[in-house]
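Because only heavy atoms are used, hydrogens play no part in the values below, and waters and symmetry mates are left out as well, while side chains stay in. Residue numbers start at 1 and run along the sequence shown. Start at 1 and go down the list; that is how both ligands and their atoms are numbered.
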Amino acid sequence: MTDFGGALKPLSENPDYKIAVLGVPFDEKSSYLRGAAGGPAAIRAVSTGKCYCAWTELGVDLEADTALVDLGDVDVSGDPDKTFALTEKAVDRILAKGAAPIVLGGDHSITYPVLRAFARHVKPLDVLHFDAHPDLYEDLYGDRLSHACPFARVLEDGLAAGVVQVGVRAVTSAHRSLALRHGVRMVEMKDIQETLHLRFANPVYVSFDLDALDPAFAPGVSHHEPGGLSTRQAVQVIQALKGRIVGLDVVELNPSRDPASITAAAAFKIVKETAGRMARPSAGGEP
Ligand code: MN
Ligand code: MN
């Protein structure tokens with residue numbers, strides 16, 4: 001079903017894996033449209049080696065230069081609390097092995113349990129958050145675990161030393177004051193003119209909401225917010241950043257809105273280039 005260009009092996013072939021793909025097919029915290037639960041299957045389906053090779057743009061061979069496994073999906077058959085607990089536990093297990101998780105969402109609510117697991121293993125941790133939205137609502141329609149809230153919870157619990165949000169373009173004044181209070185750096189879409197060169201002092205976790213991309217590049221998301229990043233701009237931010245990437249989630253892919261799997265392919269591109277930087281942090285044009 002999936003092989004990431006031949007790089008992805010079964011656990012039995014790569015017991016000492018360095019990078020683990022984990023799906024969380026969960027969209028019960030979506031506020032507008034359901035569908036993100038189909039994300040993991042859609043990303044896996046496009047990743048076939050019949051279409052893609054295992055090499056990243058920066059010259060990393062994901063098959064030879066690292067050990068990548070797919071751990072399958074978290075069991076989401078229980079209630080949301082149970083799904084979050086199982087997600088946290090699955091990520092905890094990956095980190096306990098000294099490996100880096102690549103989590104395929106699911107809606108953006110799943111980032112909170114992922115970062116709860118990280119807080120036990122990697123501290124201090126910086127977070128690079130791509131999104132059209134800052135996801136800093138105190139609550140949405142009374143739900144503090146909505147997909148509109150994960151970064152409010154992350155800040156509240158002190159799970160990140162620094163948060164940089166890239167691509168935001170739907171910001172309320174309440175978001176701005178919360179960001180200011182917690183020292184969140186918002187790199188707003190309206191201010192992005194050239195390639196960003198971000199530098200992170202601490203290990204960095206990348207949380208990638210696909211609606212950061214312009215709907216022209218990524219129509220398969222629930223919330224279309226025009227005026228976003230091109231796929232190239234997003235890839236460049238990841239390729240140019242200075243720091244050590246220790247985890248990634250790619251969330252909010254809604255396959256029911258994704259003609260010709262355009263957005264799934266963009267999601268896979270983000271996964272692939274980020275995995276390359278995880279495998280070889282020094283790879284690329286930026287020493
Ligand atoms: Mn989001
Ligand atoms: Mn968003």
Problem set entry | Y52 and F268: CA distance, side-chain angles, deciding distance, ring-ring contact (aromatic ring centres under 6.0 Å, His included) verdict | CA-CA 10 Å; Y52 298 105; F268 179 55; 5.1 Å; yes
Problem set entry | Ring centre gap for H147 and H223 strictly below 6.0 Å | yes
Exercise. Taking the Mn ion (ligand 1) as the vertex, how big is the angle to ND1 in H108 and OD2 in D209, rounded to 10°?
Worked result: 100°
Exercise. Thinking salt bridges, do K18 and D65 make one under a 4.0 Å N-O criterion?
Worked result: no
Problem set entry | Atom name, D135 (N, O or S, nearest to the Mn ion (ligand 1)) | OD2
Problem set entry | Ion pair check, E88 and R116, cut-off under 4.0 Å | yes
For this session: Determine, for F200 and K242, whether the Lys NZ or Arg CZ falls below 6.0 Å from the six-membered ring centre while staying within 45 degrees of the axis.
Result: no
Exercise. Would you say H133 reaches the Mn ion (ligand 1) with an N/O/S atom under 2.8 Å?
Worked result: no
Exercise. Hey, is the Mn ion (ligand 1) within less than 2.8 Å of some N/O/S atom on D211?
Worked result: no
For this session: Check whether any N, O or S atom of D131 sits under 2.8 Å from the Mn ion (ligand 1).
Result: yes
